[in-house]
There are 2 protein chains.
Amino acid sequence: MTTKRARPTIRDVAVQAGVSMTTVSDVVNSKGRVDPATRERVLTAITQVGWRPRRSARALRSGLTGVFAMCLPVGHVGVGDWLVNAEYDMALVAACAAATVDSERQLLVAPRPKDVRDLARLDVDGVIIADPREGDQALTVLNNAGVPAVTIDRDIQRTDGWWVETDNAGSTVQVLDHLAAQGARRIALVTADAPWAWFEDTSAAYARWCEDHGVKPQVRLVDVERPRATAATGVRSLLRLRNPPDAIFAIPYGTPLGALDAIVESGRSVPGDMLLAGGMDGQLLQSASPPITAVDLRPVEMARAAVDLLARRVNGELAAGPVVIDTTLRIRESTRPG
Amino acid sequence: MTTKRARPTIRDVAVQAGVSMTTVSDVVNSKGRVDPATRERVLTAITQVGWRPRRSARALRSGLTGVFAMCLPVGHVGVGDWLVNAEYDMALVAACAAATVDSERQLLVAPRPKDVRDLARLDVDGVIIADPREGDQALTVLNNAGVPAVTIDRDIQRTDGWWVETDNAGSTVQVLDHLAAQGARRIALVTADAPWAWFEDTSAAYARWCEDHGVKPQVRLVDVERPRATAATGVRSLLRLRNPPDAIFAIPYGTPLGALDAIVESGRSVPGDMLLAGGMDGQLLQSASPPITAVDLRPVEMARAAVDLLARRVNGELAAGPVVIDTTLRIRESTRPG
DNA sequence: TTGAAAGCGCTACCAA
DNA sequence: TTGGTAGCGCTTTCAA
């Protein structure tokens with residue numbers, strides 16, 4: 001009477017199947033040097049004894065953990081007048097998890113540590129950093145420790161090409177062209193003066209578009225801590241101009257609502273008197289009255305591309321270039337006059 | 001000329017400090033049997049050689065991986081007329097990650113696999129399941145595999161006590177009392193007929209409260225796939241009654257907006273003609289016009305409690321009972337008449 | 001096509 | 001208070 005209560009190991013499988021541990025290992029790792037019949041016996045034995053390989057043993061021997069880590073962008077702690085779009089971040093996390101699983105890996109979520117150097121202690125095969133700050137120290141730390149990393153969104157100081165980004169210039173032009181096609185002649189921009197590529201690219205593309213179309217750019221900046229309220233203030237000042245804009249493109253999440261507040265307050269209507277578009281789609285814009293046209297930043301595609309890019313970097317590819325994801329404009333009532 | 005380019009191991013530290021590997025191990029694991037002076041030397045050596053322990057080696061030897069997994073509730077794939085509250089889920093994930101890190105562990109996020117049995121193959125010390133379905137197969141699989149698990153929210157079929165839940169009955173009473181205190185005499189409930197404890201507890205508490213206060217319960221059910229639209233339909237039918245309600249408590253996320261749609265459409269105003277409260281707080285309710293009173297389900301506290309509970313279960317405690325978290329009512333303009 | 005044996009880095013155990 | 005050594009479960013290497 002054998003009392004084998006402990007969790008089965010590869011040895012138990014080998015005994016059960018009447019082969020060596022090596023053969024079992026080769027079967028589960030698809031080394032393709034095993035006779036089909038043997039293979040079948042091994043697979044049967046695996047289910048019979050209920051074996052599941054231990055990641056730690058595998059990792060110790062092979063030198064790879066089979067785990068990617070994802071650094072969350074910021075704190076998510078409650079309801080507030082946020083810049084944060086939780087849907088976007090949640091989609092990012094869920095899609096990264098799905099993509100790592102598809103590549104036979106697992107995804108660790110890591111909060112930003114107080115001490116960035118702790119990032120190098122994660123003991124993973126690679127790290128995905130969402131929404132990097134300018135000159136992000138995390139990247140320096142990881143590079144020094146030899147841990148492969150990629151970012152979702154471009155760090156404006158970086159040039160190494162290991163990131164995934166949306167086509168911000170393209171999406172800006174798309175929005176502005178759409179507004180112009182709907183009859184807008186004077187399109188104002190509401191954005192933030194913060195060191196993220198998204199804001200920089202958008203502002204630059206807006207300035208260029210205005211120049212190309214011979215119109216005067218009108219920009220209002222918001223405080224990223226209070227996007228809605230400060231956007232409303234900015235738009236109020238636009239509406240008091242002698243020649244006010246007839247369309248507003250509000251970039252940071254939450255600012256289209258502030259713009260709408262100011263427009264309604266002035267007795268104007270959207271889209272009748274003023275067109276309105278947002279730079280980042282979300283429930284808040286979709287369920288506004290009227291629903292607001294906005295740019296879908298494709299978090300799912302970004303996440304999948306990031307995992308793919310990281311896998312390439314881990315595999316030793318020297319440069320896979322930045323990956324640029326096309327955005328999609330979600331056209332809603334706020335830009336459909338008449 | 002030594003060419004030591006490989007990642008340092010505990011042996012390198014031991015050599016550098018002139019002690020045994022055991023001593024180094026004891027220092028980093030705070031075994032407290034090391035002389036303070038030796039300890040100092042070891043710590044210095046660790047930074048000198050830049051050693052960081054490998055989780056996999058540690059795990060292989062100790063039998064514990066130091067990793068918890070979290071099963072995400074549902075797919076997060078884009079903007080829609082959702083029941084899903086991404087802020088809540090994101091807060092859950094972020095707080096779970098923070099709490100596991102505080103307990104010297106790491107958090108893996110796992111999508112729900114096609115085959116639930118894959119959950120047992122995760123090779124982690126424990127699993128947190130957010131938002132379990134009724135009689136969740138995942139729990140059965142994990143139990144059979146001997147993997148400790150806890151859930152966030154109660155599976156109504158379960159009795160083992162390994163879960164964390166909000167005080168749904170208490171929060172319902174709190175909302176109803178608040179509405180009554182604001183002058184409401186006939187409070188209707190908008191909820192869903194879905195097998196989650198949240199809905200069941202709330203409905204039961206509502207029925208009891210109505211009985212206790214001698215008022216007739218009025219319930220409308222929504223389709224969880226289209227909460228806003230179907231809530232509007234339900235509320236419209238309430239407003240056509242000979243004796244319509246003067247307050248509405250709408251539970252599923254998104255339904256307070258549908259209720260508001262129907263109320264405004266009927267020419268009534270909130271809170272002037274009708275009070276309105278929501279069962280789950282979020283940006284959508286906070287930024288509605290008027291801002292809607294709602295129950296804060298405390299995702300951060302839920303997450304921390306879940307990690308704590310799982311740690312107890314992993315440590316072999318036999319029963320730590322269900323943990324009940326008190327909710328907080330966020331009172332806003334929608335329930336402040338006059 | 002298969003197997004035997006070494007060893008990945010760490011900690012538990014026992015001895016000093 | 002410290003050190004030596006065995007061995008966790010797996011994959012790799014080399015031999016058959």
Side-chain angles (χ1 to χ4, degrees), chain A residues 4-43 45-46 49-67 104-106 120-125 146, chain B residues 4-43 45-46 49-67 104 106 121-125 146:
Chain A
K4 263 275 191 179
R5 275 276 144 269
R7 180 170 156 182
T9 75
I10 199 172
R11 154 165 272 128
D12 299 316
V13 177
V15 169
Q16 172 76 20
V19 298
S20 72
M21 299 182 338
T22 309
T23 300
V24 177
S25 175
D26 287 349
V27 167
V28 295
N29 292 298
S30 310
K31 281 275 163 47
R33 68 169 195 181
V34 184
D35 185 275
T38 315
R39 192 186 139 75
E40 275 317 308
R41 257 191 307 138
V42 170
L43 291 176
I46 288 175
V49 307
W51 175 68
R52 49 204 160 99
R54 292 204 177 182
R55 239 189 317 125
S56 30
R58 196 172 259 187
L60 180 57
R61 182 63 246 227
S62 68
L64 287 173
T65 61
V67 177
E104 308 271 82
R105 277 178 268 245
Q106 299 184 325
R121 307 178 56 85
L122 283 174
D123 194 24
V124 295
D125 294 340
Chain B
K4 262 273 188 180
R5 275 279 144 268
R7 180 169 157 183
T9 76
I10 200 172
R11 155 166 271 129
D12 299 315
V13 177
V15 169
Q16 171 76 20
V19 297
S20 73
M21 301 188 323
T22 307
T23 300
V24 177
S25 175
D26 287 349
V27 167
V28 296
N29 292 298
S30 312
K31 281 276 163 48
R33 68 170 196 181
V34 184
D35 185 275
T38 315
R39 194 185 137 76
E40 276 317 308
R41 256 189 310 140
V42 170
L43 291 175
I46 288 175
V49 307
W51 176 69
R52 51 205 160 98
R54 291 204 178 183
R55 290 199 87 82
S56 33
R58 198 173 255 188
L60 179 57
R61 182 64 247 226
S62 68
L64 287 173
T65 61
V67 178
E104 309 270 84
Q106 300 184 326
R121 307 179 56 84
L122 283 175
D123 192 26
V124 294
D125 294 341

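Sequence lines set the chain letters: A, B, ... in the order given, protein chains first and strands last, and positions in each chain run from 1.
- Residue Thr23(A) places none of its side-chain N or O atoms closer than 4.0 Å to OP1 or OP2 of dT1(C).
- With respect to Asp123(A) and Arg7(B), a salt bridge is recorded, a charged nitrogen being found less than 4.0 Å from a carboxylate O.
- The structure places CZ of Arg39(B) at 13.0 Å from NZ of Lys31(B), a figure rounded to the nearest 0.5 Å.
- Taking atom CZ of residue Arg54(B) and atom P of nucleotide dC10(C), one finds them 7 Å apart after rounding to whole Å.
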Expected string for nucleotides 11-16 of chain D under the B/S/- scheme (protein heavy atoms, under 4.0 Å, primed atoms plus P, OP1, OP2 as sugar-phosphate) is BBBB--
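- For Thr9(B), counting side-chain heavy atoms from C-beta on, the closest listed nucleotide (dT2(C), dC10(D), dC10(C)) is dC10(C).
- Residues forming a salt bridge (Lys or Arg N to Asp or Glu O under 4.0 Å) with Asp125(A) (at least two apart in sequence, or on another chain): none.
- Arg54(B) contributes atom CZ, which lies 9.5 Å from atom OG1 of Thr65(A) (distance to the nearest 0.5 angstrom).
- Checked against dG9(D), dT2(D), dG3(C), the side chain of Ser20(A) finds its nearest nucleotide in dG3(C).
- Distance check: Leu43(B) CG to Thr38(B) OG1 gives 10.5 Å after rounding to the nearest 0.5 Å.
- Rounding to whole angstrom units, CZ of residue Arg11(A) and P of dC8(D) are separated by 8 Å.
- Closest non-hydrogen pair, Thr23(A) versus Val42(A), comes out as CG2-CG2, 4.4 Å.
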